[in-house]
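Remember, it's 1-based here, ligands and their atoms both numbered in the order they're listed.
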Amino acid sequence: MCGIVGYIGNKDVLPILMDGLKRLEYRGYDSAGVAILDEGKIKVIKQVGKIAALETELNGNSTSGKMGIAHTRWATHGEPNQVNAHPHTDESGNIILVHNGIIENYNALKKMLVSKGHTFHTDTDTETVAHLISEFFQNGTSFEEAFRAALNEIDGTYGIAMITKHEPEKIYCARKGSPLVIGVGEGENFVASDASAIIAHTRNVIYLEDGEIAIISREGFVTKTIDNKTVTKRIEKISFDLERIEKAGYPHFMLKEIHEQPDTVADAMRGRLIEEEGVAKLGGLTPILHNVLRARKIFITACGTSYHAGLVGEYMLEQYCRVPVEVEYASEFRYRDPIIEDDNLVVVITQSGETADTLAALREAKRKGTTVMGLVNVVGSSIARETHGGTYIHAGPEIGVASTKAFTSQVAALTLLTLMIARTKAMSAEEGRSIVKEMKTLPEKVAQALKTDETVKKIAEEFKEKRNFLYLGRGYNYPVALEGALKLKEISYIHAEGYPAAEMKHGPIALIDEDMPVVVIATRDSTYEKIVSNIEEVKARKGRVIAVVSEGDDKLDKLVDYTIPIPMTRDLLQPIISIIPLQLLAYHIAVLRGCDVDQPRNLAKSVTVE
Ligand code: AGP
């Protein structure tokens, strides 16, 4: 949701904070602020809008110092404006903090504090925390005790970084539900919501767990629980490098990440395919291998794009492993009390590894005593650390809020899982080998599909002013239709719906006229003839059809308005290729409409609150 960064050391803090904020801007970007403590004085500068607006505000403002905290916001409580921007302070201004998460009981706490004479200046839940700490501190506890006592009063989620005049050589940090990483340096230390904000300065990090605090100084750091038990933390190395989080000459992270997919799909499979035996091996599942292979039912739970990848997983796991699969939105799964048996398997899919609903669904499944495996992109993320075992999809940092390369790598990883399980059941070595052989052609075929970019751009020019779109697909291409519609919605703000093509007759067909663009994924698979009839139904109502077809298939040329030819592959792998022109279509329409592709309105890259 929001991005936090902090530094204490001997360098000028402002450039470090501003650089960190820019790398975290994909997490939230409706307002931002910094607080710098220098020679006992704390300076707070905050601005509504993007980091660039804060930078303008800071220009000509001789703010400097050797320690400070900063924040980029995605509003939950209190509209985005300068007052509600972080950092927030207590009455005296001596306690300053930034927060990522939601203080669920802030109203009750606020009422209690007002009754004790506190005055509030913002509409945020966060300001309550600063006042609460000062309330405990005024009651004579040490500053650290006041910090921990306040945290014990809070219901909800938080990643907090706080500085105070009372202890000018320390930054206090705390985590519960929202990610927080400590960066370990020489004579300097950092705190951040994720490692991308500090990788330019250190690759040594420690990940805070829920219920842990860290007190960092120039010399080092102390980690303990809120209840004052010291915790020894292992320093880990950040696995990716700075280049991977830069734009590499592309105008947007999203377009760069779309074009990275030949490599990222290859990375998802690297070292995991054994062609001669026609099998896949996923080392991260070793601790739970028996339960994965012998699961009598599989639940897949996730949100957004990851949920759509899960739907593709359902089709292939049921078709090739003959195991019943249920795919659930994590936000429903966590509350609907699903019937989970001991011999079931729950697969949680997530790019960020921090999505609150998916994390809660994981914990609910563990509470029910079943095995939980993860398909995760961000190494060391909360969900990766809390599953019983899992597989990293190795897509590298995904900065664009609209998920693209994570989807194709998730589907590739689900295919590896399917192959691994199916080869212990009815799938023959020969069938396994042919799937492995075909998987190895994917990077080349994805690269081929990317060559439709110019064709797609022309189509985007034609349809950029439309207000509604319909996406249709059958079988493995049905989740692709959902994902294509989601991409268009989230970055171009055009209303779009994905549907199983045959379902159209049961309602959506009423929407079709010459003003309704209909995107149909019509590759030559077992449902081809059926999807052609669906296209004829649309054309009979003057709908404008953009069809994603198999290379060399000119049968539809005369029937549809536009065709986008892509390479054919096996049915279970087709979504990895079919989605490419749909990602490009959404991208080009959004650019032509002047939308902020990398930071679409109202969205954030990782949704860490409910
Ligand atoms: C997709 O483009 C969106 N950013 C969003 O739907 C996302 O897929 C969803 O929030 C899940 O995120 P996760 O994969 O990081 O858990």
*asked:* Closer than 3.5 angstrom, by distance alone: can the side chain of Glu257 be matched with the main-chain N or O of Gly400 as a donor-acceptor pair?
replied: yes

*With atom 10 (O) of ligand 1 as the reference point, say which of Ile491, Thr404, Val607 has the nearest heavy atom.*
Val607

*Number the atoms of ligand 1 from 1 as they appear, then name those within less than 4.0 Å of a heavy atom of Ser403, with their elements.*
1 (C), 2 (O)

*asked:* Under the rule for side chain to side chain contact (heavy atoms under 4.5 Å, CB included), what residues qualify as partners of Ala330, not counting sequence neighbours?
replied: Thr301, Cys303, Asp357, Thr358, Ala361

Can you give me every donor-acceptor pair (side chain of residues 449-457, partner residue at least two apart or in another chain, under 3.5 Å) with its distance?
unit_1 : atom_1 : unit_2 : atom_2 : d
Lys451 : NZ     : Gln448 : OE1    : 3.2
Thr452 : OG1    : Ala449 : O      : 2.7
Asp453 : OD1    : His588 : NE2    : 2.5

*What atoms of ligand 1 come within less than 4.0 Å of a heavy atom belonging to Lys487?*
1 (C), 2 (O)

*Who's the nearest protein heavy-atom neighbour of atom 6 (O) of ligand 1, and how far?*
Gly304 CA, 3.3 Å

*Side-chain donor or acceptor of Glu386 paired with backbone N/O of Leu359 under 3.5 Å*: no

_With nothing but distance in play, are any N or O atoms of Ser306 less than 3.5 Å from an N or O of ligand 1?_
yes

*At what distance is the nearest protein heavy atom to atom 4 (N) of ligand 1, and which residue and atom is it?*
Val401 O, 2.8 Å

*Against heavy atoms of Ser352, which atoms of ligand 1 measure under 4.0 Å?*
13 (P), 15 (O), 16 (O)

*Report the part of Thr355 in contact with ligand 1, treating N, CA, C, O as backbone and CB onward as side chain, heavy atoms under 4.0 Å; options are side chain, backbone, both, neither.*
side chain

*Can you tell me which residue and heavy atom of the protein come closest to atom 8 (O) of ligand 1, and the distance to 0.1 Å?*
Thr305 N, 3.0 Å

*Is a side-chain N or O of Trp74 found less than 3.5 angstrom from the main chain of Asp30, in a donor-acceptor match?*
no

_Atom indices of ligand 1 within 4.0 angstrom of Ala402 heavy atoms, with elements_ = 2 (O)

*Exercise: identify the closest heavy-atom pair between Leu282 and Arg272*: CD2-CD, 3.8 Å

*Is a side-chain N or O of Glu497 found less than 3.5 angstrom from the main chain of Leu482, in a donor-acceptor match?*
no

*asked:* Suppose we measure from atom 3 (C) of ligand 1 to each protein heavy atom; which comes out shortest, and what is that distance?
replied: Glu490 OE1, 3.4 Å

*Strictly by modelled atom types, are Lys487 and Thr305 linked by a side-chain donor-acceptor pair under 3.5 Å?*
yes

*Please could you name the atoms of ligand 1 that Gln351 approaches to less than 4.0 Å, counting only its heavy atoms?*
13 (P), 14 (O), 15 (O), 16 (O)

*Starting from atom 9 (C) of ligand 1, find the nearest protein heavy-atom neighbour and note its residue, name and distance.*
Cys303 O, 3.8 Å

*Return yes when Glu354 approaches ligand 1 closer than 4.0 angstrom through a heavy atom, no otherwise.*
no

*Are the side chain of Tyr493 and the backbone of Arg601 linked by a donor-acceptor contact shorter than 3.5 Å?*
yes

